[in-house]
Amino acid sequence: MRTVRVIGVGMGNPRHLTAEAVDALRSVDVFFVPEKGSAADELVALRRDLCRAVIGTDDYRFVTVPDPPRDRSTTAYAQAVQTWAAARGDVLLETMEAHLEPGQTAGILAWGDPAFYDSTLRVLDAGRTTGRLEVEVVPGISSIQMLAAAHRISLTRVGQSLQVTTGRRLAEEGLPPGCHDVVVMLDGRCAFQHVGPDGVQIYWGADLGGPDQAIVSGELGEVADAILARRAEIRSRRGWVMDTYLLRRGIPHR
Ligand SMILES: C[S@@+](CC[C@H](N)C(=O)[O-])C[C@H]1O[C@@H](n2cnc3c(N)ncnc32)[C@H](O)[C@@H]1O
(Lines give C-alpha, C1' and ligand atoms only; values in the text may rest on other atoms or scores of the structure.)
Protein backbone atom coordinates (compact mmCIF):
# COMPACT_ATOMS: atom_id res chain seq x y z
CA MET A 1 0.00 0.00 0.00
CA ARG A 2 1.28 3.46 -0.94
CA THR A 3 0.25 6.57 0.98
CA VAL A 4 -0.64 9.77 -0.87
CA ARG A 5 -0.87 13.06 1.00
CA VAL A 6 -2.95 15.68 -0.79
CA ILE A 7 -1.66 18.90 0.71
CA GLY A 8 -3.48 22.23 0.37
CA VAL A 9 -0.77 24.84 -0.14
CA GLY A 10 -2.69 28.09 -0.28
CA MET A 11 -1.74 30.57 -2.99
CA GLY A 12 1.90 29.54 -3.29
CA ASN A 13 3.25 31.80 -0.56
CA PRO A 14 5.08 29.77 2.14
CA ARG A 15 3.44 32.01 4.76
CA HIS A 16 0.05 30.54 3.80
CA LEU A 17 1.06 27.02 4.77
CA THR A 18 -0.32 25.57 7.98
CA ALA A 19 2.13 23.86 10.36
CA GLU A 20 0.38 20.59 9.48
CA ALA A 21 1.02 21.22 5.77
CA VAL A 22 4.72 21.89 6.46
CA ASP A 23 5.00 18.59 8.40
CA ALA A 24 3.20 16.79 5.57
CA LEU A 25 5.53 18.32 2.93
CA ARG A 26 8.56 17.16 4.93
CA SER A 27 7.18 13.61 5.08
CA VAL A 28 6.92 13.18 1.30
CA ASP A 29 9.37 11.04 -0.72
CA VAL A 30 8.03 11.84 -4.18
CA PHE A 31 5.83 14.74 -5.31
CA PHE A 32 3.67 14.07 -8.34
CA VAL A 33 2.69 17.08 -10.43
CA PRO A 34 0.57 17.25 -13.57
CA GLU A 35 2.20 18.62 -16.70
CA LYS A 36 -0.28 20.85 -18.45
CA GLY A 37 1.54 23.67 -20.17
CA SER A 38 1.54 27.47 -20.01
CA ALA A 39 0.04 29.00 -16.87
CA ALA A 40 -0.27 25.64 -15.16
CA ASP A 41 3.46 25.03 -15.64
CA GLU A 42 4.14 28.33 -13.94
CA LEU A 43 2.10 27.01 -11.02
CA VAL A 44 4.22 23.84 -11.04
CA ALA A 45 7.34 26.02 -10.77
CA LEU A 46 5.75 27.80 -7.82
CA ARG A 47 5.12 24.45 -6.13
CA ARG A 48 8.78 23.50 -6.54
CA ASP A 49 9.86 26.85 -5.08
CA LEU A 50 7.52 26.29 -2.17
CA CYS A 51 9.05 22.88 -1.39
CA ARG A 52 12.56 24.31 -1.67
CA ALA A 53 11.59 27.10 0.73
CA VAL A 54 10.06 24.97 3.45
CA ILE A 55 11.39 21.41 3.34
CA GLY A 56 15.00 22.21 4.21
CA THR A 57 16.50 19.00 2.74
CA ASP A 58 16.76 17.66 -0.80
CA ASP A 59 15.80 14.04 -0.11
CA TYR A 60 12.62 14.24 -2.13
CA ARG A 61 11.90 14.06 -5.84
CA PHE A 62 9.47 15.65 -8.28
CA VAL A 63 7.90 13.47 -10.95
CA THR A 64 5.74 15.04 -13.65
CA VAL A 65 2.63 13.16 -14.69
CA PRO A 66 1.53 13.52 -18.32
CA ASP A 67 -1.95 14.98 -18.54
CA PRO A 68 -4.26 13.10 -20.95
CA PRO A 69 -6.18 15.41 -23.31
CA ARG A 70 -9.71 16.49 -22.39
CA ASP A 71 -12.53 16.39 -24.92
CA ARG A 72 -13.39 20.11 -25.25
CA SER A 73 -15.60 19.59 -28.31
CA THR A 74 -18.53 18.07 -26.41
CA THR A 75 -21.34 20.05 -24.80
CA ALA A 76 -21.69 17.34 -22.09
CA TYR A 77 -19.21 19.19 -19.84
CA ALA A 78 -19.71 17.20 -16.61
CA GLN A 79 -19.45 13.85 -18.44
CA ALA A 80 -16.30 14.96 -20.30
CA VAL A 81 -14.67 16.07 -17.03
CA GLN A 82 -15.58 12.76 -15.35
CA THR A 83 -14.10 10.73 -18.22
CA TRP A 84 -10.99 12.89 -18.11
CA ALA A 85 -10.64 12.41 -14.32
CA ALA A 86 -10.77 8.61 -14.80
CA ALA A 87 -8.08 8.76 -17.51
CA ARG A 88 -5.92 11.00 -15.30
CA GLY A 89 -6.41 8.56 -12.41
CA ASP A 90 -5.11 5.66 -14.52
CA VAL A 91 -2.03 7.60 -15.63
CA LEU A 92 -1.33 8.84 -12.09
CA LEU A 93 -1.59 5.35 -10.58
CA GLU A 94 0.74 3.89 -13.20
CA THR A 95 3.23 6.73 -12.66
CA MET A 96 3.08 6.33 -8.87
CA GLU A 97 3.58 2.59 -9.03
CA ALA A 98 6.58 3.11 -11.33
CA HIS A 99 8.27 5.75 -9.14
CA LEU A 100 7.33 4.89 -5.57
CA GLU A 101 8.40 1.90 -3.50
CA PRO A 102 5.71 0.31 -1.33
CA GLY A 103 5.84 2.01 2.06
CA GLN A 104 6.99 5.32 0.57
CA THR A 105 4.85 8.45 0.71
CA ALA A 106 3.61 10.41 -2.27
CA GLY A 107 2.61 14.04 -2.15
CA ILE A 108 0.30 16.06 -4.35
CA LEU A 109 0.22 19.80 -3.82
CA ALA A 110 -3.26 21.18 -4.26
CA TRP A 111 -3.59 24.88 -5.02
CA GLY A 112 -5.59 26.57 -2.26
CA ASP A 113 -7.65 23.86 -0.62
CA PRO A 114 -8.36 20.53 -2.34
CA ALA A 115 -12.06 20.82 -1.40
CA PHE A 116 -12.78 23.60 -3.91
CA TYR A 117 -12.81 22.90 -7.64
CA ASP A 118 -9.79 20.65 -7.50
CA SER A 119 -9.95 17.29 -9.23
CA THR A 120 -7.15 15.61 -7.24
CA LEU A 121 -9.37 13.68 -4.83
CA ARG A 122 -11.67 12.55 -7.64
CA VAL A 123 -8.66 11.48 -9.69
CA LEU A 124 -7.37 9.41 -6.75
CA ASP A 125 -10.76 7.75 -6.12
CA ALA A 126 -10.07 4.63 -8.16
CA GLY A 127 -6.75 4.03 -6.39
CA ARG A 128 -8.40 4.50 -2.99
CA THR A 129 -11.47 2.35 -3.58
CA THR A 130 -9.41 -0.51 -5.02
CA GLY A 131 -7.10 -0.45 -2.00
CA ARG A 132 -3.99 0.51 -3.99
CA LEU A 133 -3.64 3.88 -2.27
CA GLU A 134 -4.16 5.26 1.20
CA VAL A 135 -5.26 8.87 0.71
CA GLU A 136 -4.79 11.59 3.36
CA VAL A 137 -5.86 15.23 3.04
CA VAL A 138 -4.25 18.28 4.64
CA PRO A 139 -6.46 21.36 4.23
CA GLY A 140 -5.08 24.64 2.90
CA ILE A 141 -6.13 28.27 2.64
CA SER A 142 -8.45 28.66 -0.32
CA SER A 143 -8.71 31.65 -2.65
CA ILE A 144 -12.21 32.00 -1.18
CA GLN A 145 -10.75 32.73 2.26
CA MET A 146 -8.08 34.97 0.75
CA LEU A 147 -10.85 36.96 -0.96
CA ALA A 148 -12.76 37.47 2.29
CA ALA A 149 -9.60 38.45 4.19
CA ALA A 150 -8.43 40.88 1.49
CA HIS A 151 -11.79 42.67 1.59
CA ARG A 152 -12.09 42.32 5.37
CA ILE A 153 -15.57 40.81 5.09
CA SER A 154 -17.39 37.72 6.24
CA LEU A 155 -18.76 35.70 3.33
CA THR A 156 -21.81 34.61 5.30
CA ARG A 157 -24.43 36.91 6.81
CA VAL A 158 -26.43 36.09 9.92
CA GLY A 159 -28.46 32.93 9.33
CA GLN A 160 -27.91 33.12 5.55
CA SER A 161 -26.47 30.59 3.16
CA LEU A 162 -23.53 31.03 0.81
CA GLN A 163 -23.29 29.46 -2.61
CA VAL A 164 -20.04 28.74 -4.42
CA THR A 165 -20.39 28.42 -8.16
CA THR A 166 -18.52 28.72 -11.44
CA GLY A 167 -18.42 31.48 -14.03
CA ARG A 168 -19.87 29.02 -16.52
CA ARG A 169 -22.97 28.42 -14.38
CA LEU A 170 -23.38 32.10 -13.61
CA ALA A 171 -23.26 32.89 -17.34
CA GLU A 172 -25.79 30.15 -18.17
CA GLU A 173 -28.19 30.48 -15.24
CA GLY A 174 -27.70 33.92 -13.71
CA LEU A 175 -27.68 34.45 -9.95
CA PRO A 176 -29.24 31.45 -8.17
CA PRO A 177 -32.76 32.29 -6.96
CA GLY A 178 -33.08 32.75 -3.21
CA CYS A 179 -29.34 33.00 -2.68
CA HIS A 180 -27.99 36.42 -1.75
CA ASP A 181 -24.29 35.66 -1.38
CA VAL A 182 -22.55 33.87 -4.24
CA VAL A 183 -18.83 33.22 -4.65
CA VAL A 184 -17.80 32.75 -8.28
CA MET A 185 -14.65 30.90 -9.33
CA LEU A 186 -13.26 29.64 -12.63
CA ASP A 187 -14.61 32.58 -14.55
CA GLY A 188 -12.40 33.23 -17.56
CA ARG A 189 -15.15 35.18 -19.30
CA CYS A 190 -16.18 37.68 -16.62
CA ALA A 191 -19.76 36.42 -16.30
CA PHE A 192 -20.53 39.21 -13.82
CA GLN A 193 -20.97 41.50 -16.87
CA HIS A 194 -24.21 39.71 -17.69
CA VAL A 195 -25.75 39.88 -14.20
CA GLY A 196 -28.47 42.52 -13.73
CA PRO A 197 -26.43 44.97 -11.61
CA ASP A 198 -29.25 46.62 -9.64
CA GLY A 199 -28.75 46.14 -5.91
CA VAL A 200 -25.72 43.87 -6.41
CA GLN A 201 -22.36 44.49 -4.74
CA ILE A 202 -19.20 42.82 -6.02
CA TYR A 203 -16.04 42.01 -4.06
CA TRP A 204 -13.44 40.97 -6.62
CA GLY A 205 -9.87 39.77 -6.19
CA ALA A 206 -7.16 38.64 -8.60
CA ASP A 207 -3.86 36.92 -7.80
CA LEU A 208 -4.90 36.95 -4.16
CA GLY A 209 -1.91 36.48 -1.89
CA GLY A 210 0.45 36.85 -4.86
CA PRO A 211 2.67 39.66 -6.11
CA ASP A 212 -0.02 41.08 -8.42
CA GLN A 213 -2.86 41.00 -5.92
CA ALA A 214 -5.63 43.37 -7.00
CA ILE A 215 -8.97 43.94 -5.31
CA VAL A 216 -11.97 46.05 -6.26
CA SER A 217 -15.33 46.34 -4.52
CA GLY A 218 -18.49 48.38 -4.95
CA GLU A 219 -21.82 48.51 -6.76
CA LEU A 220 -21.55 46.07 -9.66
CA GLY A 221 -22.81 48.61 -12.22
CA GLU A 222 -20.27 51.18 -11.09
CA VAL A 223 -17.11 49.06 -10.81
CA ALA A 224 -17.53 46.38 -13.52
CA ASP A 225 -15.50 48.35 -16.07
CA ALA A 226 -12.71 49.01 -13.57
CA ILE A 227 -12.53 45.24 -12.83
CA LEU A 228 -12.40 44.40 -16.54
CA ALA A 229 -9.57 46.90 -17.01
CA ARG A 230 -7.54 45.61 -14.01
CA ARG A 231 -8.04 42.03 -15.12
CA ALA A 232 -6.97 42.78 -18.71
CA GLU A 233 -3.90 44.65 -17.49
CA ILE A 234 -2.70 41.74 -15.28
CA ARG A 235 -3.43 39.28 -18.05
CA SER A 236 -1.53 41.17 -20.71
CA ARG A 237 1.48 41.58 -18.42
CA ARG A 238 1.56 37.99 -17.14
CA GLY A 239 -0.19 35.98 -19.81
CA TRP A 240 -2.86 34.71 -17.37
CA VAL A 241 -4.91 35.77 -14.41
CA MET A 242 -6.83 33.94 -11.69
CA ASP A 243 -9.69 35.77 -10.03
CA THR A 244 -12.55 35.10 -7.65
CA TYR A 245 -15.42 37.26 -6.54
CA LEU A 246 -18.41 37.52 -4.25
CA LEU A 247 -21.73 38.85 -5.55
CA ARG A 248 -23.92 40.10 -2.72
CA ARG A 249 -27.56 41.12 -3.03
CA GLY A 250 -29.70 42.93 -0.50
CA ILE A 251 -31.84 40.55 1.57
CA PRO A 252 -35.53 41.42 1.20
CA HIS A 253 -37.33 42.07 4.52
CA ARG A 254 -39.61 39.24 5.53
C1 LIG B 1 -9.07 25.05 -10.29
S2 LIG B 1 -9.72 26.23 -9.17
C3 LIG B 1 -8.77 25.89 -7.75
C4 LIG B 1 -9.33 26.52 -6.50
C5 LIG B 1 -8.47 26.21 -5.29
N6 LIG B 1 -8.58 24.82 -4.94
C7 LIG B 1 -8.81 27.09 -4.09
O8 LIG B 1 -9.08 26.55 -3.00
O9 LIG B 1 -8.76 28.31 -4.23
C10 LIG B 1 -8.99 27.68 -9.81
C11 LIG B 1 -9.81 28.92 -9.49
O12 LIG B 1 -9.54 29.32 -8.16
C13 LIG B 1 -9.54 30.72 -8.08
N14 LIG B 1 -8.18 31.14 -7.68
C15 LIG B 1 -7.11 30.35 -7.48
N16 LIG B 1 -6.06 31.07 -7.09
C17 LIG B 1 -6.47 32.34 -7.01
C18 LIG B 1 -5.84 33.56 -6.65
N19 LIG B 1 -4.55 33.60 -6.27
N20 LIG B 1 -6.58 34.69 -6.67
C21 LIG B 1 -7.87 34.69 -7.04
N22 LIG B 1 -8.52 33.56 -7.39
C23 LIG B 1 -7.83 32.41 -7.39
C24 LIG B 1 -9.92 31.25 -9.45
O25 LIG B 1 -11.32 31.43 -9.49
C26 LIG B 1 -9.49 30.13 -10.35
O27 LIG B 1 -10.20 30.15 -11.56
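Counting starts at 1 for both ligands and their atoms, in listed order. The chain is numbered in sequence order, starting from 1.
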Would you tabulate the side-chain donor-acceptor contacts of residues 106-115 under 3.5 Å, counting partners in other chains and residues two or more places apart, or write 'none'?
unit_1	atom_1	unit_2	atom_2	d
D113	OD1	A115	N	2.7
D113	OD2	G140	N	2.9

Ion pair check, R52 and D49, cut-off under 4.0 Å: yes

Polar contact flag for V184 and ligand 1 (N/O pairs, less than 3.5 Å): no

Can R47 be said to sit on top of F31's aromatic six-ring, NZ or CZ under 6.0 Å from centre and within 45° of the ring axis? no

Can you pull out the closest protein heavy atom to atom 22 (N) of ligand 1? Residue, atom name and distance to 0.1 Å, please. T244 OG1, 2.7 Å

Can you name the nearest heavy-atom pair linking V54 to R26, along with the distance? O-NH2, 2.8 Å

Do ligand 1 and D118 have nitrogen or oxygen atoms that lie under 3.5 Å from each other? no

Looking only at heavy atoms of G210, does any of them come nearer than 4.0 Å to an atom of ligand 1? no

Please state which part of M185 comes within less than 4.0 Å of ligand 1, counting heavy atoms only: side chain, backbone, both or neither. both

So, do W84 and D67 sit near enough that their side-chain heavy atoms are less than 4.5 Å apart? yes

Does any non-hydrogen side-chain atom of I141 lie less than 4.5 Å from one of M11? no

In the protein, which heavy atom is nearest to atom 10 (C) of ligand 1, and how far is it? L186 CD2, 3.9 Å

If you measure every N or O of D243 against every N or O of ligand 1, does any of those distances drop under 3.5 Å? yes

Heavy atom of the protein closest to atom 21 (C) of ligand 1 (residue, atom name, distance): M242 O, 3.2 Å

Kindly confirm or rule out an N or O of L208 lying under 3.5 angstrom from an N or O of ligand 1. yes

Report the nearest protein non-hydrogen atom to atom 3 (C) of ligand 1: residue, atom name, distance rounded to 0.1 Å. Y117 O, 3.5 Å

Short N or O distance, W111 and ligand 1, threshold 3.5 Å exclusive: yes

Taking the basic N atoms (NZ, or NE/NH1/NH2) and the acidic carboxylate oxygens, is any pair closer than 4.0 Å for R132 and E97? yes

Give a yes or no on whether a salt bridge exists between R168 and D187, defined as a side-chain N under 4.0 angstrom from a carboxylate O. no

